[in-house]
Amino acid sequence: MSSCGAPAAEGGEALMQKRQKYDKSKNCVRCKDNIGNIVVRHAVYCKNCFSPMIAAKFRRGVEPYVNEAPKGRRRLKASGNILVGLSGGVGSTVILDLVNQSYFAPRTDTPGGKEHPRFNERIWQKGFVCYVDISAVFPNMRDRTNEVRNAAKTYDALEFILVRLENAFDDSWWTSVGGKPSNSELFVDFADQDLLITAISDSNTDPVAALRTFISALPTQTAISQAIPTLVRVLLLYTARHLGVSHVLLGTSLTSLSISLISSISQGGGFTVREESDEQWMAPGSTTPIRIIKPLQDVGMKECSAWAWWHGLPVVQKEKLPGTGQDIAALTKDFIVGLEKDYPSTVSTIAKTCAKLAPKHGSVRRCLLCERPIQEGIDDWLTRTSIRSLSIGNTTPRFSTARLTPSLCYSCHTTLTSKSSRGATKSTSSFVRLPVWLSAGLQSAEYSMFQIPDERDQPAEKTSAKDTEVWQTRKIGQQEMKHAIGDFLIEDSGQ
Amino acid sequence: MASENTLKVKIEFGGGLELLFDNKRIYDLELPATFEDDQPSNVDFLIRYMRDKLLKERVELFMEKDTIRPGILVLINDTDWELEGEKDYALKDGDEIVFISTLHGG
């Protein structure tokens with residue numbers, strides 16, 4: 001019989017009993033016969049039951065979203081093609097394997113013969129694997145394209161597509177994916193909270209140089225870790241649109257999703273918390289949305305790694321960004337991974353709780369950088385609640401009235417402008433070229449109300465006739481302040 | 001077959017963990033059958049042995065607070081070490097232990 005007394009008083013060790021990592025017995029919870037091979041959130045599975053369990057979870061994550069009208073015909077038929085985002089990490093490697101196994105590889109385990117329609121009719125007519133190479137972000141980063149290409153070669157039913165991160169600043173890539181070529185390149189001043197825009201015609205910036213300038217101008221390491229996945233995501237989406245894709249599949253596991261949810265909320269992405277797990281993207285000018293699905297959002301990183309190991313999948317690994325480790329995303333990752341070790345169900349609770357969240361008000365516009373919805377009235381709200389500038393003595397006159405700020409969501413605005421008292425990156429240039437889709441969006445009819453001045457029309461000494469108002473920030477004395485508000489002051493009655 | 005006083009164990013790395021161990025994926029080790037106070041050698045002994053004898057760089061990426069760092073999946077003879085008693089599992093001759101880093105994302 002166990003005692004309720006204090007262990008130390010009874011001569012025992014004052015240590016808490018270590019909790020068993022699995023419920024009940026070591027036998028598989030599914031077949032009940034075999035000895036288990038893996039513990040998944042306290043439940044034990046044998047190897048034979050583990051693979052069908054993961055494959056079933058994957059299909060449950062995909063198939064309800066395949067047909068345009070979910071309650072229509074029972075037969076699964078997508079309106080376009082499928083694109084799998086491959087980063088080289090374990091999640092995307094697993095999802096590529098599952099997509100191939102479930103929907104593209106010839107099946108021999110079902111009855112009906114080779115001529116049966118189920119063998120000839122695919123849910124998606126064509127499949128693509130898209131890898132976005134980020135090695136140009138910093139010099140000396142390894143280009144893993146060939147390794148990823150070789151890993152993807154195993155799945156010959158899916159066509160390999162290579163996109164490079166610098167394509168985000170490449171007009172020729174933009175035109176090749178169906179984007180409208182712009183007459184001038186737009187540059188923005190990251191040093192200013194309002195992100196004033198300037199247009200320069202025929203600047204012919206090298207895409208790699210433009211990418212590096214953009215990254216180096218970001219104010220913090222956290223902003224760099226946030227901006228790169230945003231660029232990757234939007235590059236994937238525009239590539240998908242060009243390829244006639246209706247479904248983009250990403251290998252975000254439960255662990256990665258929980259990390260990105262917490263990290264995104266802490267960086268001002270609370271309004272789009274739903275989009276982290278389930279998103280529909282409507283390309284500008286398009287009438288059919290592209291569905292971004294994360295079918296492994298109920299499968300932890302541990303299960304993904306076990307699947308990859310037991311199926312002998314070649315995991316290339318993602319290239320680590322130099323200097324990361326102390327940014328919000330990395331710290332959140334350390335926290336969630338540590339939490340998952342001792343309290344694996346809590347990590348699942350994070351994702352499930354976030355799935356219940358919904359913004360109070362809708363949105364009618366999308367952020368031109370991340371292409372996600374913008375919270376309405378964000379600019380007014382920011383003006384009322386935030387310190388907009390830390391530098392009081394800034395006397396630089398502003399010659400532009402075209403602002404990028406109203407076209408950005410709070411999270412992207414924070415990424416581009418939020419400075420840190422420590423850990424700030426060393427910026428080499430304050431004028432930074434904007435990604436191609438952002439420039440195109442600003443020059444489109446929807447945003448034409450923001451007048452974008454051309455540098456040639458607007459020499460530094462004078463402003464155009466349209467923009468006669470020159471803003472200037474300077475420190476003023478108490479007397480001058482009192483004089484400015486003097487008419488509104490109530491005289492002291494002497495009581 | 002190892003002698004009475006030793007046991008042979010095969011260790012393998014996955015998920016990029018081999019980079020910490022001289023970029024070598026498989027090691028065949030011959031370990032003493034017992035350590036301190038004649039206790040049978042266990043996984044706790046093995047990971048300390050790996051840290052002291054095999055690890056080439058950045059111990060913090062392999063161990064944390066005297067155990068394996070969170071985010072590393074350990075399989076003992078193809079079975080999750082959580083089912084085998086984790087660090088307390090007593091090693092047997094011919095055991096195969098796999099260390100897989102799960103930290104390289106989606």
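Chain identifiers are assigned alphabetically (A, B, ...) following the order of the sequence lines, protein sequences preceding nucleic acid strands; residue numbering begins at 1 within each chain. Hydrogens, waters and symmetry mates are skipped; everything else that's a heavy atom, side chains included, is used.
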Subject >> Donor-acceptor side-chain pairing of A:Ser253 and A:Ser256 below 3.5 angstrom >> reply: yes

Original post:
Is chain B contacted by the side chain of A:Val44, its backbone, both, or neither, given a heavy-atom distance below 4.5 Å?
Top reply: side chain

Original post:
So what's closer than 4.5 Å to chain A heavy atoms on B:Leu19: side chain, backbone, both or neither?
Top reply: side chain

**OP:** Below 4.5 Å from any heavy atom of chain A, which atoms of B:Leu73 appear? Answer side chain, backbone, both or neither.
**Re:** side chain

**OP:** Among the options B:Asp78, B:Ile76, B:Val98, pick out the one with the most heavy-atom pairs lying under 4.5 Å from chain A.
**Re:** B:Asp78

Subject >> Contact class of A:Ala308 relative to chain B, heavy atoms under 4.5 angstrom >> reply: neither

Original post:
Regarding A:Gln221 and A:Ser225, is there a side-chain donor-to-acceptor distance under 3.5 Å anywhere?
Top reply: no

Subject >> Region of A:Lys294 that comes under 4.5 Å of a non-hydrogen atom in chain B >> reply: neither

Subject >> Atom CD of A:Gln326 with >12 non-hydrogen neighbours under 6.0 angstrom >> reply: no

Subject >> Residue pair B:Asn77 / B:Asp95, side-chain donor-acceptor N/O under 3.5 Å >> reply: yes

Subject >> No-hydrogen, no-angle side-chain donor-acceptor test under 3.5 Å, A:Trp307 and A:Asp97 >> reply: yes

Original post:
Using non-hydrogen atoms only, which part of B:Ile72 is less than 4.5 Å away from chain A: side chain, backbone, both, or neither?
Top reply: neither

Original post:
What's the verdict on salt bridge (Lys or Arg N to Asp or Glu O under 4.0 Å) for B:Glu86 and A:Lys21, showing C-alpha distance, side-chain angles and the deciding distance?
Top reply: CA-CA 10 Å; B:Glu86 301 187 5; A:Lys21 291 283 175 73; 2.9 Å; yes

